[in-house]
Amino acid sequence: MNTFTETLNGTLYGVMSWVQWETLQATMLKNRKDGWYVYYVGEKIPVHKQSNEGFAHILGEINQLLRRDHDESYLGIIYTDHFDAPTLIEIYDPNNLGAYCGSSGKVIPPGWIISKMPPEVVIAPQIIPQGRKRWWKNLLPHPGSTTHSPT
């Protein structure tokens, strides 16, 4: 069994079309009973998996953000370890793509990582826009809510 870092640095397959993304989302939602960690790189590492409802909400909001901010006919900014049984998904922030393939000599980390495994620290980009941080914090449960469920 691979660790989070081994999977993250291993072979990942590009989600090249919006149709592939819709299929991958449906697969993740279908398999959400086991729980998913959702990690916004640059923020605290989540210690609990999202509840079913919390995960569906966050995934829906990420989908809306991608459709709004990545106004292209292709996708190419999402990667997964498996299409049929994913355990890790990288999603690059459409507003901070740079040369995420590393061709510029500077590696841009993904904006979000969705994982079945507990995440480990990923070095964040040097600058994370405050608007994006606020957007993310508004997605997370507030004190006293029941959106997180330890698994």
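Side-chain contact between Ile113 and Phe4 is present, with at least one heavy-atom pair separated by less than 4.5 Å. Between Ile114 and Leu59, the closest side-chain pair of non-hydrogen atoms falls below 4.5 Å. Inter-residue side-chain proximity for Tyr79 and Ile91 is flagged as unmet; no heavy-atom pair is nearer than 4.5 Å. With contacts defined as side-chain heavy-atom distances shorter than 4.5 Å, the pair Met16/Leu75 does not qualify. At least one side-chain heavy atom of Thr3 sits less than 4.5 Å from a side-chain heavy atom of Glu6. A 4.5 Å side-chain heavy-atom check between Pro86 and Trp36 finds at least one atom pair inside the cut-off. At a threshold of 4.5 Å between non-hydrogen side-chain atoms, the residues Leu88 and Glu90 count as touching.
Looking at Trp21 and Asn63, their side chains do bring a donor and an acceptor atom within 3.5 Å of each other. Between the side chains of Thr7 and Asp81, not a single donor N or O lies within less than 3.5 Å of an accepting N or O.
No donor-acceptor pair under 3.5 Å is formed between the side chain of Trp112 and the backbone N or O of Val38. Checking side-chain atoms of Glu61 against main-chain N and O of His57 turns up no donor-acceptor pair under 3.5 Å.
A salt bridge links Glu22 with Arg67: at least one charged nitrogen is closer than 4.0 Å to a carboxylate oxygen.
Other residues, nucleotides and ligands contribute more than 12 heavy atoms inside 6.0 Å of the CG atom of Asn9. For Phe83, the CZ atom counts as densely surrounded, since its 6.0 Å shell holds more than 12 non-hydrogen atoms of other residues, nucleotides or ligands.
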Inset, instruction - Verify side-chain contact (heavy atoms from CB on, under 4.5 Å) between Tyr74 and Val15, making sure each step is shown before the conclusion. - result: CA-CA 9 Å; Tyr74 59 89; Val15 178; over 6 Å; no
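Within the model, atoms CG of Asp84 and CG of Leu24 stand 10.0 Å from one another, a figure rounded to the nearest 0.5 Å.
Here the options are Ile77, Asp93, Leu65, the test is side-chain contact (heavy atoms from CB on, under 4.5 Å), and the partner is His70; only Ile77 passes.
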